[in-house]
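So the structure is just underneath, and the comments pick up after that.
Keep in mind the model is a prediction, meaning the values are calculated, not measured. Side-chain atoms are counted along with the backbone in the values below, which use heavy atoms only and exclude waters and symmetry mates. In what follows, chains are A, B, ... by sequence order, proteins preceding strands, each numbered from 1.
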There are 2 protein chains.
Amino acid sequence: MQDKASRIRKIRSQLRGQLAQEVFKPGSKLPSERTLSELFNVSRMTIKDALESLQSEGLIYCEDRRGWFVAHPRLIYNPLSRMHFHRLVNEQRRKARTQVLDVSSELASPDLMRVMELAELTRIYRIQRCRFIDDRPVLLVENCLNSQYFPDILNEDLSQSLTELYQRHYGYENSRSRFDVQPCAAPENVAQALHLASGQMVLKIIRVNYNRANQLIDCEFEYWRHDAVCIRIDSQSID
Amino acid sequence: MQDKASRIRKIRSQLRGQLAQEVFKPGSKLPSERTLSELFNVSRMTIKDALESLQSEGLIYCEDRRGWFVAHPRLIYNPLSRMHFHRLVNEQRRKARTQVLDVSSELASPDLMRVMELAELTRIYRIQRCRFIDDRPVLLVENCLNSQYFPDILNEDLSQSLTELYQRHYGYENSRSRFDVQPCAAPENVAQALHLASGQMVLKIIRVNYNRANQLIDCEFEYWRHDAVCIRIDSQSID
DNA sequence: TAGTGGTCTAGACCACGGG
DNA sequence: CCGTGGTCTAGACCACTAC
C-alpha cells in the first residue's frame, strides 16, 4: 500500500505488537487513550485508529466510555443446533447468565408480518433478553412468538431456555429453521445493552423456526458483539 | 443516548435520509467528502463519520480513493450448498466474473497444517481468485488443496468452478463440510483486491471440505465485502 | 467529581485513481 | 495532472461511568 511507510503507521503496528504481548489476560484494561497518546507521542485520534484496528483483528474490544480491554476467546456457536445457551457456554468452560429486559404483547408490525408470514392484526409476544458470558453482555436477543401458539407463556420463567419451554409446555419440537447472518450497525437499544457506542458493528442473526407441522412458531433476532462469537457450522452434525 | 441531541447528530441523520432518498440507483456515485462537508457546513471528519454509519447500515459503500457509492442488493449465499458461484449469481439476476490472481505450489505453513490436519512437509496448491458481481470485486477466495489428491490440477482452467473440476477430473464428491464465519479486518492483499482501505471490515468464511471417504481434500478462505453478501442457511435444504 | 471514551473542528500532507 | 479518500494534528466540549 505504502512505500515510504509513514512514521505513524509504524507506531500503529508497534502498538499492536506491544499490547498483544504485554497484557494477555482477557478482560484486563488497557491504559486510557490519552495516556497512550502521550506514551507514543501521537494524537489521540491516531491512537484511536490503532486501537480500532486491533479491535477488528479481534485482539481487544471497547466498552462505551469504560475503556479498552483485552479480548476474550470467542464462543463457538452453531445456529443450526438448538442447544440451550447456558449449556453451550458451560461446555466451553465459560459462565452464562440471562437477563430478561422486556416482555410485551403487541400487534405485529408490517415488517414482522412479512418475516413471519402473518395475517394482519396478528398479536405477537415479544421477549427481549440480554445474555452474558463471564458477566460481559455479548448478545441481545429478541424473540417474537405467534401468540396463538403460546397461550400464557408470558407468565412462565423466561430467563430459561425458550426452546425447552416450547417443548415442555406446548409440545412443539423444532424441526426446520432458517437463518440469515450479516454484520450491521447496532441499533440504539442494542448498543446500550451491549455497552457499545451507538452505530458500532454487530453480527445480526435472524432466525425463523418451524415446528414439525411446518408452522412458523417463532422468529428470533440475535445481535452479537462481533468479537464475542464465531459461527461454526458442520454439515456432519446435522441429522 | 443523548438528551440535547447535538446539532451535528441531526445533520448526520439528515444526511442519511437525504442520501438514501435522493440517489437510489445502485452504484451511482455520491458527491465527494469535501463537497458534502461544504454543503452541510461541517468538517470533513464529521461527514466521514456520517458516511461510515450509512455504510454499516448497508446503504452505501466506499471504494478506496474512488469515492462513495449507493449500495447494491446483497447476494444471498448459502455456504452449505456447493452451488457454482456463477450459477448462484446468475440465478439472482446478477453478472458474475472470476479472475485467477495467483497460483502456487508450496509447503504448508504451520497454521495451515493445523487447519488441514496435515503432516509436516506436505505440499499444497494455493489458488487465489477474485470474484466479481456486476464488475465489482466482492470476494477474494483462496483454495488450499492437498496436492496428493490433485495431480496436475494447476494445468486446468482454474477460473471455472473448482467443485466441478474435483468431480469431473478426480471423482471427488463433496460430502461433508464445516465452516466458520466471522467478521475481521481485511489483510492487505484482500483489501487491495476488493478496493477496500486497509484494515476495513470483511466477512471471513473458512471452509473445510471432505470427500465421501472422509478425507480432507481442500480448505477454502473466503473474504467477502460485508456489504455485498447475506449468509442464508435453511435446514430444510440439507439432504 | 474525576476520568473515560464520543464527538467535533479547521486545518494539513500523503498516496492513489483516473483522465 | 487534478480530485479522491486516507491519515494525522492539537486542540475542544460533551455524556457517561465509576467512585
Salt bridge present between A:Asp49 and A:Arg44 (N-O < 4.0 angstrom):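 Looking at A:Asp49 and A:Arg44, the cut-off is not met.
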ring-ring contact (aromatic ring centres under 6.0 Å, His included): which pairs involve residues 52-79 of chain A, sequence neighbours left out? A:Tyr61-A:Phe69, A:Tyr61-A:His72, A:Tyr77-A:Trp224
Without decimals, in angstroms, what is the distance between [X] [atom1] and [N] [atom2]?
| X | N | atom1 | atom2 | value |
| --- | --- | --- | --- | --- |
| B:Phe69 | D:dT4 | CZ | C1' | 10 Å |
| B:Glu63 | D:dG3 | CD | C1' | 16 Å |
| A:Asp49 | C:dC8 | CG | P | 16 Å |
| B:Gln192 | C:dG17 | CD | C1' | 13 Å |
| B:Leu51 | D:dT4 | CG | P | 13 Å |
| B:Glu38 | D:dT4 | CD | P | 10 Å |
| A:Lys29 | C:dG3 | NZ | P | 12 Å |
| B:Asp64 | D:dG3 | CG | C1' | 14 Å |

For [X], all residues meeting side chain to side chain contact (heavy atoms under 4.5 Å, CB included), sequence neighbours excluded:
| X | value |
| --- | --- |
| B:Ala108 | B:Leu112, B:Met113, B:Leu118, B:Ile124 |
| B:Asp111 | B:Ser109, B:Arg114 |
| A:Leu101 | A:Gln99, A:Gln128, A:Cys130, A:Leu140, A:Ala193 |
| A:Val103 | A:Val100, A:Ile127, A:Leu154, A:Leu158 |

Looking at the side chain of [X], which of [options] is the nearest nucleotide?
| X | options | value |
| --- | --- | --- |
| A:Arg65 | C:dT9, D:dC8, C:dG6 | C:dG6 |
| A:Arg66 | D:dG6, C:dG18, D:dA18 | D:dA18 |
| A:Ala197 | D:dG5, D:dC8, C:dG6 | C:dG6 |

Reckon B:Ser32 touches a base, only the sugar-phosphate, or nothing at all at heavy-atom distances under 4.0 Å?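 Sugar-phosphate: the residue B:Ser32, judged by heavy atoms under 4.0 Å, touches backbone atoms but no base.
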Would you check if the side chain of B:Arg225 reaches a backbone N or O of B:Val202 as a donor-acceptor pair within less than 3.5 Å? no
Distance check: side-chain N/O of B:Lys48 vs OP1/OP2 of D:dG5, anything under 4.0 Å?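 No, no such contact exists.
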All N/O pairs under 3.5 Å across the protein-nucleotides 11-13 of chain C interface:
none

